[in-house]
Amino acid sequence: MGVLSACSDNMDYHEYTVYGKDYVFTDFTRTGAFVTNIYSYLDYDIPGLNSLCSACDESEMAITYSSVLDYTNGAWSALNPKSQWGYYSAIRAANYYLAECPDLDFYDQRYDKDYKEQMARFNRYQYEVRLLRAYYYFLLVRAYGDVPFTTKVLTDKEANSLSRTSASEIFKFIVDECDAVASELPITYYGLDGDAAGGTDNPETGRVNRGTALALKARALLYQASPLFNKDNSSELWKEAAEASKEVLDYCAQNNIKLGKYSDLWGADNYKASEMIFVRRVGDMNSPEYYNFPISMENAQAGNCPTQTLVDAYEMKTTGKAWNESESGYDANKPYTNRDPRLGMTVAVNGEKWPSTNPNTLETYVGGRDGLPVPYATPTGYYLKKYLDTTIDISASNSSGGKRHSWITFRLGEFYLNYAEAVCRYLGSADATDNEFTLSARGAVNTVRNRSDVKMPGFPEGMSTADFWTKYKRERMVELAFEGHRFWDVRRWKDGDAFKSITQMRITKNEDATFTYNRVVKSLTWDDKMYFYPIPDSEIRKNPNLTQNEGWSINK
């Protein structure tokens with residue numbers, strides 16, 4: 001908890017320089033840089049060496065030295081905590097800013113020609129910082145449940161005496177903060193007074209806005225209503241979650257935020273996609289491609305390889321049925337034919353020419369150039385496409401350098417699904433509506449499935465709640481694949497048995513050049529204590545009032 005400790009008069013505002021607070025908070029630029037530093041803690045998980053997609057059943061990490069394997073091989077512990085505790089550094093910075101900056105007027109700069117615009121920007125900072133702080137508390141509560149809570153700047157002694165605040169109180173704080181700041185934040189930064197970019201192509205697009213506040217509130221309420229936190233299955237919590245998601249849908253409709261092509265969700269310009277609510281701008285890079293391109297390519301490392309478990313979640317294009325349902329149309333000899341188009345956009349399969357810089361077609365079968373037993377080849381039979389830029393060349397001789405990558409924090413498609421889940425739980429069926437919730441759960445899901453480049457058959461009328469739930473979980477796994485949801489969804493649903501194994505595909509090339517496809521089940525380590533993260537043992541030792549999550553205690 002030392003990260004909650006007091007900020008002295010000499011603070012490290014930049015990674016290489018220490019300035020006094022009187023220096024930082026007497027200049028617009030330096031004050032803005034302090035706020036930007038609070039933004040820098042925003043999470044992103046573009047598939048890389050330690051991405052959580054390979055800590056669940058979305059993918060399997062081919063790089064055997066990756067520490068992400070600790071989540072599924074039994075090495076996860078309070079001594080190896082995969083700590084999320086670092087978000088307290090962001091919270092400390094936010095608390096400090098809000099304590100020091102409420103009455104600043106930058107008097108010495110009052111004659112600057114852009115003083116009015118700069119003050120307008122400065123006056124928004126407090127609301128941005130409050131929302132960021134609420135978001136960081138959300139990241140902590142979803143990982144740990146009850147967590148230490150403060151909105152003050154604390155001394156070391158004070159910080160190391162905090163006990164844990166209940167998750168319900170943390171959720172209430174998040175929701176209250178979102179309600180308080182939403183109307184104070186702009187809908188868009190385009191053409192806004194105080195926009196340093198002057199209405200150009202990129203006017204501070206990385207800043208939180210009103211939609212971000214509504215989206216955080218809705219996601220937090222969905223988590224609070226879910227079984228992990230809603231132990232009594234309170235209908236009122238599901239209603240609140242449905243109302244908040246509906247507010248996001250209404251906000252998007254009013255502000256021309258709408259579903260576009262699924263393929264627009266990644267690529268250098270994905271932050272401009274029509275359904276984006278808030279995107280974390282990461283910057284130019286090619287590490288996702290180095291880590292995830294097929295192993296036969298020069299410098300490639302295979303990385304996060306989609307599982308057959310994920311592939312099986314993609315339904316058949318014609319019938320809308322799962323591969324193993326009666327009369328689905330699935331052909332075991334042509335397993336990727338007539339599937340949900342999102343499969344082809346997300347997963348690279350045997351025989352495919354991918355990426356465009358690859359001189360060869362993929363050979364993911366056993367004995368192929370991209371398959372086992374080649375060291376670090378895909379263990380699942382697949383390679384990842386989503387979030388990767390197919391035009392990046394990672395070869396030593398022709399390296400094309402990095403291109404912009406941006407992480408989707410909130411987008412419209414998620415909230416159609418969030419709404420569907422909450423309204424079905426509240427009203428009791430997939431088809432139910434009332435005066436407040438005129439869109440049914442089934443209708444919300446079908447809106448997502450009806451994208452212009454997807455056009456999957458809609459969920460049928462008259463489904464039982466159990467059947468809806470089965471199909472809904474598949475739809476959510478498919479639509480939100482590799483966007484940082486699956487790892488947390490299974491936890492909030494308390495469906496941990498899903499993580500006890502994954503299915504791989506073993507492909508054999510026959511003498512007549514055809515292929516045989518066989519599913520292989522691989523066991524993983526799961527224990528119900530893993531619904532929550534362990535609090536780092538180092539923090540437990542520093543703070544006698546800090547209790548450990550159930551099942552993670554270390555024998556002294």
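Taking the six-membered ring where tryptophan is involved, the planes of F34 and Y96 are tilted, since the angle between them lies from 30° to 60°. In this structure, W488 and Y533 have parallel ring planes: the angle between them is below the 30° cut-off, well short of the 60° mark.
Between A78 and I535, the shortest heavy-atom distance links the atoms CB-O, 3.9 Å. What you find for Y87 and Y136 is that their closest heavy atoms are CD2-CD2, 3.8 Å.
Not one N or O on the side chain of E461 forms a donor-acceptor pair closer than 3.5 Å with the backbone of D431. With hydrogens and angles disregarded, a donor-acceptor distance shorter than 3.5 Å links the side chain of R280 to the backbone of S40. In this structure a side-chain-to-backbone donor-acceptor pair under 3.5 Å is present from R339 to Y314. Remark: side-chain polar atoms of D340 are not paired, donor with acceptor, to backbone N or O of V454 under 3.5 angstrom. Between the Q308 side chain and the M505 main chain, no donor and acceptor come within less than 3.5 Å of each other. N50 places a side-chain N or O within donor-acceptor distance of the main-chain N or O of S67, the cut-off being under 3.5 Å. A donor-acceptor contact shorter than 3.5 Å links the side chain of E325 to the backbone of A322. Side chain of T380 to main chain of S59: no donor-acceptor pair is present (N/O by atom type, distance under 3.5 Å, no hydrogens or angles). With hydrogens and angles disregarded, no donor-acceptor distance shorter than 3.5 Å links the side chain of S54 to the backbone of S51.
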Mind listing the side-chain donor-acceptor pairs of residues 236-245 below 3.5 Å, one per line with the distance, residues two or more places apart or on another chain?
residue : atom : partner : partner atom : Å
W238    : NE1  : N233    : OD1          : 3.1
S245    : OG   : A241    : O            : 3.4

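Not counting sequence neighbours, N545 has no partner by the side chain to side chain donor-acceptor pair (under 3.5 Å) test. Taking N73 as the reference, L69, D70, A75 meet the side chain to side chain contact (heavy atoms under 4.5 Å, CB included) condition, with sequence neighbours excluded. Under the side chain to side chain contact (heavy atoms under 4.5 Å, CB included) criterion, K494 pairs with P227, L228, Y531, not counting sequence neighbours. Scanning for side chain to side chain contact (heavy atoms under 4.5 Å, CB included) contacts around S168 gives S166, Q224, with sequence neighbours left out. For S440, the side chain to side chain contact (heavy atoms under 4.5 Å, CB included) partners are T433, R442, not counting sequence neighbours. Contacts of N446 classified as side chain to side chain donor-acceptor pair (under 3.5 Å), with partners at least two apart in sequence or in another chain: none. With sequence neighbours excluded, no residue forms a side chain to side chain donor-acceptor pair (under 3.5 Å) with R491. Under the rule for a side chain to side chain donor-acceptor pair (under 3.5 Å), Y419 has no partner lying at least two apart in sequence or in another chain. Applying the ring pair (Phe, Tyr, Trp, His ring centres under 6.0 Å) test to F229 and every residue at least two apart in sequence or in another chain returns F171, F532.
When ring centroids are compared, W76 and W526 stay outside the 6.0 Å threshold.
Between F459 and D467, every side-chain heavy-atom pair lies at or beyond the 4.5 Å cut-off. Considering only heavy atoms from C-beta on, N270 stays 4.5 Å or farther from L265 through its side chain. Residues F499 and R486 have side chains in contact (heavy-atom distance under 4.5 Å, counting atoms from C-beta outward). Between V311 and W323, every side-chain heavy-atom pair lies at or beyond the 4.5 Å cut-off. Residues Y41 and I91 are not in side-chain contact: their nearest non-hydrogen atoms beyond the backbone lie 4.5 Å or more apart. In this structure, the side chains of Y382 and C305 stay at 4.5 Å or more apart for every pair of heavy atoms. Counting heavy atoms from C-beta outward, V35 and R207 have side chains that approach closer than 4.5 Å. The shortest distance between side-chain heavy atoms of W85 and S538 does not fall below 4.5 Å.
Pairs passing the side chain to side chain donor-acceptor pair (under 3.5 Å) check and including a residue from residues 248-266, sequence neighbours excluded, read K246-D250, Y262-K386, S263-D453. Sorted by first and then second residue, the salt bridge (Lys or Arg N to Asp or Glu O under 4.0 Å) pairs involving residues 520-534 (not counting sequence neighbours) are E60-K522.
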Exercise for review: Could you walk me through whether V208 and Y135 pass side chain to side chain contact (heavy atoms under 4.5 Å, CB included), step by step?
Suggested key: CA-CA 11 Å; V208 295; Y135 181 71; over 6 Å; no
Q | Working for side chain to side chain contact (heavy atoms under 4.5 Å, CB included), residues R342 and E479 | A | CA-CA 8 Å; R342 289 171 291 188; E479 173 69 17; 2.8 Å; yes
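Taking NE2 from H485 and CG from L417, the interatomic distance works out to 9.0 Å, rounded to the nearest 0.5 Å. Annotation: the span from S274 atom OG to R411 atom CZ amounts to 10.5 Å, rounded to 0.5 Å. Within the model, atoms CZ of R492 and OG of S226 stand 4.0 Å from one another, a figure rounded to the nearest 0.5 Å. Taking CG of L427 as the reference point, atom CG of D434 lies at 5.0 Å (rounded to 0.5 Å).
With 3.5 Å as the limit, one finds a donor-acceptor pair spanning the side chains of N418 and R476.
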